[in-house]
Structure formats: C-alpha cells, structure tokens
Amino acid sequence: MTTALIILIGTIVTYVIYRASKVVYKKWPMPFFHPLLLCPLILIGIIQLAHLQPSDYALSSSLWTHMLGPATVAFAIPIYKHAPLLRKNIMIILTSIAAGTLVAIGSSLLLSLVMRFNGDLLISLLPRSITTPIAIEVSKTIGGLPTLTTVFVIVTGVTGGIIGPYVIRLMALKSPVARGLALGMGAHGVGTNKAMEYGEQEGTFSTIGMIMAAGMTLIWGGLLIPSLLQITIL
C-alpha cells in the first residue's frame, strides 16, 4: 500500500469518526460524548483492534497534523475584522492574559510538586495553555521537551473544551470579551473553536487571547524558570 493511499484512508477515517462523534454529542450532549473525547477513544480502539502502531496512525493522519499551522494562521481573519473592538478593550485583554498566564504557570508548578515532576517535565508543562504549533516553539525556546509539551497541550485543550462551557454557564458570563478570553486562555485552539460557536466576537477575543498568551508565557517563563526550577529541587 502506497504512502499516499495510507494518508487518504487515515484522513477519511479520522474525519468520518469525528463527524459521527459530533452527531452523537448533538443527540446526547453529555461530557463523555464530547467529540474531543469520544473521537480519540474510538480511534484508540480501532488502532488496538487493528494491531496498528501509533506511528502508523500518525502517518495516516499527517494531513490533519499539517493543517494545524494554516488553521492557526486563519484565526487572524476575525482579528482583522474586529480590530477597533480589540483596541477599545486592549487594557482588559492585557490584564486578563497577564493574570491568566500567571495562573497557568502557578497551576503547572503546583501540579509538578504534587506529581513530583523534575525540571524538564516542569518546563515542558509551562506552555500547556498555548495552541500546539506555538507551544512547541515556546517549549524549544525555554528548554522544554516539545513531545511532552504536545501531550500536555492536548490534555489541557480537550479538558478546557469540555468543561469551559459549563463554567461559563455556571458563572453566567454574558460578555463576548469574557467568554472569548476565558476559552482562548484556558483551552487555546480547542477553546477558540468552541468560542466560535457562541459568536464571531467571542471567537475573535478567544483568538487574540490564545496568541497573546503565547508571548506572555514566553516572557513569564524566561523570568520565572530559574526560580521555579529551584522550587522543584527543594
């Protein structure tokens, strides 16, 4: 079987399972049936039943992986369309992202202490609240392990994408700014996709939150990494 045919089959199978997962979630809107949780579980089951290696599936789904970059760049479109609204709320955005990234780093440190992670794991965990393509580069810059960072990012995104809407409902958030920044900061690309379901303004603020969180995490990481590593050693 040629590589092109393998990629074609993997692309189609992944798409069909994801669409089917969305149909199931629409009919039974429970957290366990969320597409971001149900789809990977089904795919893992197929890989196990077919006795495939994870690397085989990674190759077959490589088209979707390569589309992560263009998809992230495409988030710039709503930012351009709503530039005046962003300028109007710039102080709210900066304050929220600064606070959110500090909370993300603090929670990463707490998790590292509880799980007894070493320095490499801690640094790899820091960019977990950034979308995958940017998180990988940030991880390299601050001395982390990109492969581990990818795992942490996926877990964070899926978790945030599932519980984010429930938190928004619980806190009765009505502002597009609050909804968008919360989802973008807390669940990056997955959260931004969810924010788009609320409206274009939510999607715009989620996108800007996700992008700015990357730069802010890089700044905080550079300033705080020596102290954080010292804490983990103690």
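As a basis for the values below, the full set of heavy atoms in this structure was taken, side chains included, without hydrogen atoms, waters or symmetry mates.
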Let me check something: do [X] and [Y] share a hydrophobic cluster, defined by ILVMFWY side-chain heavy atoms less than 4.5 Å apart, either directly or through other members?
X    : Y    : value
I42  : L37  : yes
L181 : I90  : yes
L125 : V151 : no
L52  : I17  : yes
I163 : F33  : yes

Taking the side chain as C-beta and beyond, is there a heavy-atom pair between [X] and [Y] under 4.5 Å?
X    : Y    : value
C39  : L43  : yes
W28  : V24  : yes
T204 : L85  : no
T14  : Y57  : yes
K140 : I136 : yes

Main-chain N/O of T149 paired with S124 side-chain donor or acceptor, under 3.5 Å: no
What pairs of donor and acceptor atoms, side-chain ones from residues 92-107 against any protein atom, are under 3.5 angstrom apart with sequence neighbours left out?
residue, atom, partner, partner atom, Å
T95, OG1, M91, O, 2.8
S96, OG, I92, O, 2.7
T101, OG1, I97, O, 2.8
T101, OG1, A98, O, 3.0
T101, OG1, W220, NE1, 3.0
S107, OG, V103, O, 3.0
S107, OG, A104, O, 2.8
S107, OG, R128, NH2, 2.3

Mind listing the closest non-hydrogen atom pair of [X] and [Y] along with its distance?
X    : Y    : answer
P165 : G160 : CD-O, 4.2 Å
S21  : P35  : CB-CA, 3.9 Å
H188 : G157 : CE1-CA, 3.3 Å

From [X] [atom1] over to [Y] [atom2], what is the distance, rounded to the nearest 0.5 angstrom?
X    : Y    : atom1 : atom2 : value
H51  : L49  : NE2   : CG    : 7.5 Å
S61  : I12  : OG    : CD1   : 13.5 Å
T192 : I208 : OG1   : CD1   : 10.5 Å
M196 : T207 : CE    : OG1   : 4.5 Å
Y15  : L63  : OH    : CG    : 13.0 Å
L38  : I162 : CG    : CD1   : 10.0 Å

Between H82 and Q201: side-chain donor-acceptor atoms closer than 3.5 Å: no
Test side chain to side chain contact (heavy atoms under 4.5 Å, CB included) applied to L59 and S55, step by step: CA-CA 6 Å; L59 172 63; S55 57; over 6 Å; no
Members besides V167 in its Ile/Leu/Val/Met/Phe/Trp/Tyr cluster (side-chain heavy atoms under 4.5 Å): I168, M171, L173, L183, Y198
Heavy atoms of other groups near Y166 OH, more than 12 under 6.0 Å: yes
